[in-house]
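The structure under discussion appears below in the form of structure tokens.
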Amino acid sequence: MLRLHDTATGEVRPLGPNGAAEIGIYVCGPTVYGRPHIGHGRATLVYDVLRRYLEWSGGNVRHVSNVTDIDDKIIRLAADEHRPWQDVARRYEDSWWSAMDRMGVARPHVAPRATDYIGRMVDLVAELVASGAAYESGDGVYLSASAVPGYGLLAHQSIESLRAGARVELNEEKRAPIDFALWKKAKPGEPKWPSPWGGGRPGWHTECVVMSLELLGDGFALHGGGEDLRFPHHENERAQAVALGRPFARHWVHHGMVLFGEEKMSKSVGNVVDLAEMLDSHDPRAYRLVVLQAHYREQVKVDESRLAEAARTLQGLDALARRLAEAEPQAATAEPSCEVTHDFRAFMDDDLGSPRAVARLFDAVKQANTALDGRQVKEGVSLGRAALAGFEALGLVATGTVEVSEQAKDLARRRDAARAERDFALADTLRDEIVALGYRVEDTAAGTRVLR
RNA sequence: GGCGGCGUGGCCGAGUGGUUCAGGCAAGGGCCUGCAAAGCCCUCUACCCCAGUUCGAUUCUGGGCGCCGCCUCCA
């Protein structure tokens, strides 16, 4: 059973009931005001791995991830471009799903848009106002943080120290600097939805409360997001649920940030790497491997050499897949090695120890190759199948086959003929021609093999 | 100022109070190969500094130095 670190308690503890019970996972999704970068990529990969692993372990997962399609940045961009905010939001939502598909990220079971839930958000804010926890002011409705028992749980700070450290500019409309907006009254020209406090739009933190409770139910299993969302976003989500008296996430998961070079990737530093561009220049699986080789709670350093290195590593995995495809007819009954699977599971169950789990699988890859080298086919296939199955459980699929053009196939056939006649000069020339087409060449017992 | 994390071999990155070793990539040598490639074998370079606890610390404690993150509607 999976044990996971919980930000609320600081402990690694069981995620909750496995098996038939539904495991509700809510992951904070994108605000669609720009193209996704590799930081978004890591975030989705981390939770994709979590989800896949739970499902592989027999869990019945319901994965919900929101799309924030209205916010200040979207409004500003729409104004700059003189087009409706909906166009901006939809354009970047499309680029989001496109990039996620390319990374092999499983789509969430439900991906609600914030603007589809505004009526429910208004209801929730009204309830908070009625309870006395929230108050209306000149520019919106705010939640009073001091009205929430245990405010600061996720920040691991007392309300006093949060108050002392608040860097938020003084806002006359708030009673306390740490209070946060539930509803923002529309300024002239801004998009607005009706509410008891006039036209406006919801504050960011409210949508996740409404959608997670609505789609997963009270006391859902897990709420995840980046370390940077721990405070204030998640703290403020939780505050609303607590103020309403509704059981919220039972488990809080936060993953580390992506560093490009030595510091956090951010627009102000100018080191943002566009996700789609990165996927253009590397095997799309390479980034997943990079992410898996670092523990999800640690920061991960990414750069070109790291991605290229991972891509090379994957070639070795693909090579094994090809060997297995050839050897399997002779070892149809070979079961995946239980030892490998057992170790893999043990590492993953311990707070998603993917670096160790992956290392164990690579160990099995080597063992499999060694066995196959030694003609212990059944042993090799057993080890290899377990390794590839483990990688697949993490969303990393090794490919034993490659699309090869007719031209290259023809050259390969001619090269085999030349080699059969021991005309190696011609064979080498033909090999160069195949390589010039962008392929790699390997000789096997079955003849020339052409690879990407 | 408050809170948290990290400093490991050429690079990335796990882990542990001691005995054989993370793993990946790179480098050197070898096996295999017509030559390569792939694969395998061997080799190499470690645990930031200073104290302390201990028979023994990279691993625990304290201090120091350095780096990173959060406290801003940044994943």
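Naming: A, B, ... by sequence-line order, numbering from 1 per chain.
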Using whole Å, report how far [atom1] of [X] lies from [atom2] of [N].
X	N	atom1	atom2	result
A/Q315	B/rG24	CD	P	15 Å
A/D71	B/rU72	CG	P	17 Å
A/E227	B/rC6	CD	P	12 Å
A/I74	B/rC74	CD1	P	12 Å
A/L361	B/rG13	CG	P	20 Å
A/R297	B/rC68	CZ	C1'	16 Å
A/I159	B/rC71	CD1	P	17 Å

Listed partners of A/R415 passing side-chain hydrogen bond (donor to acceptor under 3.5 Å, both in side chains), at least two apart: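 side-chain hydrogen bond (donor to acceptor under 3.5 Å, both in side chains) list for A/R415, sorted by chain: A/D443, A/T448.
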For A/F391, all residues meeting ring pair (Phe, Tyr, Trp, His ring centres under 6.0 Å), sequence neighbours excluded: A/F362
Ring pair (Phe, Tyr, Trp, His ring centres under 6.0 Å) against A/H254, all qualifying residues, sequence neighbours excluded: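 If we apply the ring pair (Phe, Tyr, Trp, His ring centres under 6.0 Å) test to A/H254, skipping adjacent residues, the hits are A/H234.
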So what's [N] paired with, Watson-Crick or G-U wobble, going by both distances under 3.5 Å?
N	result
B/rA51	B/rU61
B/rA75	none
B/rC67	B/rG5
B/rG17	none

By side-chain contact (heavy atoms from CB on, under 4.5 Å) - contacts of A/V148 (at least two apart):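 Only A/L143, A/Y151, A/A239, A/V242, A/A243 meet the side-chain contact (heavy atoms from CB on, under 4.5 Å) criterion with A/V148.
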A/R297: partners by side-chain contact (heavy atoms from CB on, under 4.5 Å), with sequence neighbours left out: A/H5, A/V12, A/H295, A/D351
Contacting residues from residues 383-392 of chain A, given that a heavy atom lies under 4.0 angstrom of RNA chain B: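 By residue number: none to list.
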Under 4.0 Å between any heavy atoms, over every strand shown, what does [X] touch: base, sugar-phosphate, or nothing? Just pick one.
X	result
A/P36	nothing
A/R312	sugar-phosphate
A/G316	sugar-phosphate
A/A155	sugar-phosphate

Please list each protein N or O that sits under 3.5 Å from an N or O in nucleotides 14-23 of chain B, with the distance.
residue, atom, partner, partner atom, Å
B/rA14, OP1, A/H295, N, 3.1

Contacts of A/R345 that satisfy salt bridge (charged side-chain N to carboxylate O under 4.0 Å, His left out) - sequence neighbours left out: none
All salt bridge (charged side-chain N to carboxylate O under 4.0 Å, His left out) counterparts of A/D432, not counting sequence neighbours: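 Residues passing salt bridge (charged side-chain N to carboxylate O under 4.0 Å, His left out) with A/D432: none at all.
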Carboxylate-amine/guanidinium proximity below 4.0 Å for A/R414 and A/D423: no
Electrostatic pair A/D6-A/R13, nearest N-O below 4.0 angstrom: yes
Option among A/V290, A/I38, A/V273, A/V272 that satisfies the side-chain contact (heavy atoms from CB on, under 4.5 Å) test with A/V258: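 Result for side-chain contact (heavy atoms from CB on, under 4.5 Å) with A/V258: A/I38.
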Residue pairs passing the ring-ring contact (aromatic ring centres under 6.0 Å, His included) test where at least one lies in residues 424-452 of chain A, sequence neighbours excluded: none
Pairwise [atom1] distance, [M] and [N] [rounded to whole Å]:
N	M	atom1	result
B/rC47	B/rG4	C1'	23 Å
B/rC48	B/rU54	P	23 Å
B/rC68	B/rC31	P	48 Å
B/rG10	B/rG1	C1'	41 Å
B/rU61	B/rA57	C1'	11 Å
B/rU8	B/rG24	C1'	15 Å
B/rA26	B/rG13	C1'	14 Å
B/rU53	B/rG17	C1'	12 Å

Whether A/W197 and A/W183 hold their rings parallel, tilted or perpendicular, with breakpoints at 30° and 60°: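 Geometry flag for A/W183 against A/W197: tilted rings.
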Qualifying salt bridge (Lys or Arg N to Asp or Glu O under 4.0 Å) pairs, either residue in residues 369-391 of chain A, two or more places apart: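 Residue pairs with at least one partner in residues 369-391 of chain A: A/R323-A/D373, A/E328-A/R385.
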Under 3.5 Å, which N/O atoms of the protein pair with N/O atoms of nucleotides 33-35 of chain B?
residue, atom, partner, partner atom, Å
B/rG34, N7, A/R419, NH2, 3.4
B/rG34, O6, A/R415, NH2, 3.2
B/rG34, O6, A/R419, NE, 3.3
B/rG34, N1, A/D428, OD1, 2.9
B/rG34, N2, A/D428, OD1, 3.3
B/rG34, N2, A/D428, OD2, 2.7
B/rC35, O2, A/R431, NH2, 2.5
B/rC35, N3, A/R431, NH1, 3.1
B/rC35, N3, A/R431, NH2, 3.4
B/rC35, N4, A/D443, OD2, 2.6

